[in-house]
Visitor: 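This is the structure I have questions about; it appears just below.
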Amino acid sequence: MQLEIQSRKSQNQEPTMQTSLESPNTPQELPITTTVTTSSKIPKKLTLIPLIFLIYFEVAGGPYGEEPAVQAAGPLYALLGFLIFPFIWSIPEALITAELSTAYPGNGGFVIWADRAFGPFYGSLMGSWKFLSGVINIAAFPILCIDYMEKVLPVLASGWPRKVALFISTLFLSFLNYTGLTIVGYVAVLLGIVSLSPFIIMSLIAIPKIKPHRWISLGQKDVKKDWTLYFNTLFWNLNFWDNVSTLAGEVDRPQKTFPVALFAAVIFTCVSYLVPLFAVIGAVSVDQSEWESGFHATAAELIAGKWLKYWIEVGAVLSAIGLFEAQMSSSAYQLLGMADLGFLPQFFAKRSKWFNTPWVGILLSTIITLGVSYMNFTDIISSANFLYSLGMLLEFASFLWLRRKVPTLKRPYAIPMRLPGLIIMCLIPSGFLVLIMAIATKTVYLVSGLMTVGAIGWYFLMKFCKSKKLFKYSRTEVIDG
């Protein structure tokens, strides 16, 4: 892969670095040109351990939120779901992310993949779907923080105190993100250790109390299976593996680091879900209806006492913070990557002079998050899932088409399968995505439809602005197609 670096200066423009990535074996591929604003000092790159925890918080953040799977379908199906679903969803998505992130190591991530496969219209549409699903999803985490805090401070349950708390917590968490990706990465390591520790302790204390026959229970006979809740719970807890691709340009040696980090994060995530689930199901006998979000805290009190319950509740707040930081980083760097590729005006690529972070992306993501955070929590999650599903269907198609279109493209990591096998690997999770979309409510269809129309309109607006030279863009050929 040839690397051409050109530095240029002009009176009206800050010093920039232009990078063209092109494979000598694939002349039909257009080079990927990115423009990155330099700072007075070289920014630190993400290393392996912080990257693993950032991926972990992109996806899970702990076993918080897995409990409704038991309520919906009973213990056995819940355990089977978290055992099997990673193989049909998490692992394929992580493998695709590893291959394409190492082949196209830029901050555009999945936007680059769709652009390389099908052209700028689909790259822009992918960027809009994934960005909107990301910032909508981010809005859920300050709400979760306040929901746990209100158990200690009941005044936060409703009214203006709750609104003020949501506003302040969102601004504070956004400022933490502004301080730098390296800091966020090490904060994720700390948050991961602290939030998982009580589950490790609970699982160890539960061992003498475990009765294995509870693991194979199909649930109470008088409780009807809620498959919609069951599949949404699995999907909510095990998606967003590809979000980390938007940080590829900030990772130290991404061709080597990404595959290892993704592999470690998949194992880490699956274990963090399964171990507490096996422990609590085996050690605690309660009515199935009690398995709501947050039941792990109640189970901790039954197994060890109130001290562990409080620790898990604190861990839930810390987990929500980690999830917010990881996904805010992905959204902000995605906008930076889209500006580097010419999908957005160049000012979206501006970085802070002090922390080298994409402050415009962080600011825009924060504003949208604040607006969405006052929506109904269920509508937030459902809308995020629907838009994410649309983006993932396009992502699978882009992956398969790139394998067919440019088979000789240099891929530092490549899934060891031929195209027919890859098609089968993608068809199974694609079927699940269609299922998630089919069971959505009318409200979700309306919201997602309007946002998709807006995304299409945004592409043509950017094309118009570029043709009239209303803004500066990093590259002309992307929008012009």
Side-chain angles (χ1 to χ4, degrees), residues 1-2 21-32 55 59 84-106 108-127 129-130 235 238-246 248 254-263 265-267 337 341 388-438 478 481:
M1 184 172 287
Q2 297 173 343
L21 297 176
E22 185 176 15
S23 172
N25 298 323
T26 56
Q28 68 271 42
E29 269 284 83
L30 292 174
I32 299 176
I55 296 172
V59 177
I84 298 172
F85 194 70
F87 290 95
I88 65 175
W89 175 258
S90 300
I91 292 177
E93 188 183 1
L95 289 173
I96 290 171
T97 300
E99 177 170 321
L100 293 179
S101 294
T102 54
Y104 300 103
F110 33 70
V111 179
I112 299 175
W113 312 339
D115 174 40
R116 295 298 88 194
F118 302 118
F121 172 77
Y122 291 96
S124 177
L125 191 60
M126 171 74 89
W129 278 337
K130 288 300 186 78
F235 190 59
L238 290 165
N239 63 7
F240 288 103
W241 291 98
D242 62 332
N243 272 16
V244 74
S245 67
T246 63
Q255 288 86 350
K256 293 183 178 180
T257 306
F258 253 97
V260 176
L262 282 161
F263 178 74
V266 168
I267 296 175
L341 292 165
Y388 179 79
S389 297
L390 289 171
M392 281 308 305
L393 289 172
L394 179 55
E395 184 174 312
F396 288 143
S398 300
F399 166 71
L400 294 173
W401 189 248
L402 285 171
R403 269 295 187 102
R404 182 181 183 276
K405 179 183 177 183
V406 281
T408 56
L409 174 69
K410 183 179 179 181
R411 294 171 168 87
Y413 171 80
I415 302 173
M417 296 173 66
R418 295 183 179 274
L419 189 58
L422 295 174
I423 292 174
I424 295 173
M425 183 188 79
C426 292
L427 278 177
I428 297 174
S430 294
F432 182 77
L433 290 171
V434 173
L435 173 63
I436 290 294
M437 294 166 66
V478 174

Visitor: Looking at side-chain heavy atoms only, is the closest gap between F110 and N243 below 4.5 Å?
Guide: yes
Visitor: Just so I know, are the side chains of T102 and R411 near enough to count as touching, which here means a heavy-atom distance under 4.5 Å?
Guide: no
Visitor: With heavy-atom distances below 4.5 Å as the criterion, would you say the side chains of C426 and L400 are in contact?
Guide: yes
Visitor: When the ring centroid of Y413 is compared with that of F258, is the distance short of 6.0 Å?
Guide: no
Visitor: Give, for atom CZ of F263 and atom CD1 of I91, the distance between the pair rounded to the nearest 0.5 Å.
Guide: 8.5 Å
Visitor: Do F85 and F235 have ring centroids that are under 6.0 Å from one another?
Guide: no
Visitor: Give a yes or no answer on whether the side chain of K405 reaches the backbone of S398 with a donor-acceptor pair at less than 3.5 Å.
Guide: no
Visitor: Taking the six-membered ring for Trp, are W89 and F396 parallel (under 30°), tilted (30 to 60°) or perpendicular (over 60°)?
Guide: perpendicular
Visitor: Just verifying a value: how many Å separate L262 CG and I55 CD1, rounded to the nearest 0.5 Å?
Guide: 4.0 Å
Visitor: Side-chain contact test, heavy atoms from C-beta onward, threshold under 4.5 Å: evaluate it for I415 versus M425 and give yes or no.
Guide: yes
Visitor: Looking only at atom types and distance, does a side-chain atom of W241 sit under 3.5 Å from a main-chain N or O of V59, one as donor and one as acceptor?
Guide: no
Visitor: Does any part of the side chain of S245, heavy atoms only, come nearer than 4.5 Å to the side chain of L100, both counted from C-beta?
Guide: no
Visitor: With heavy-atom distances below 4.5 Å as the criterion, would you say the side chains of S90 and N239 are in contact?
Guide: no
Visitor: Are the side chain of Q255 and the backbone of P412 linked by a donor-acceptor contact shorter than 3.5 Å?
Guide: no
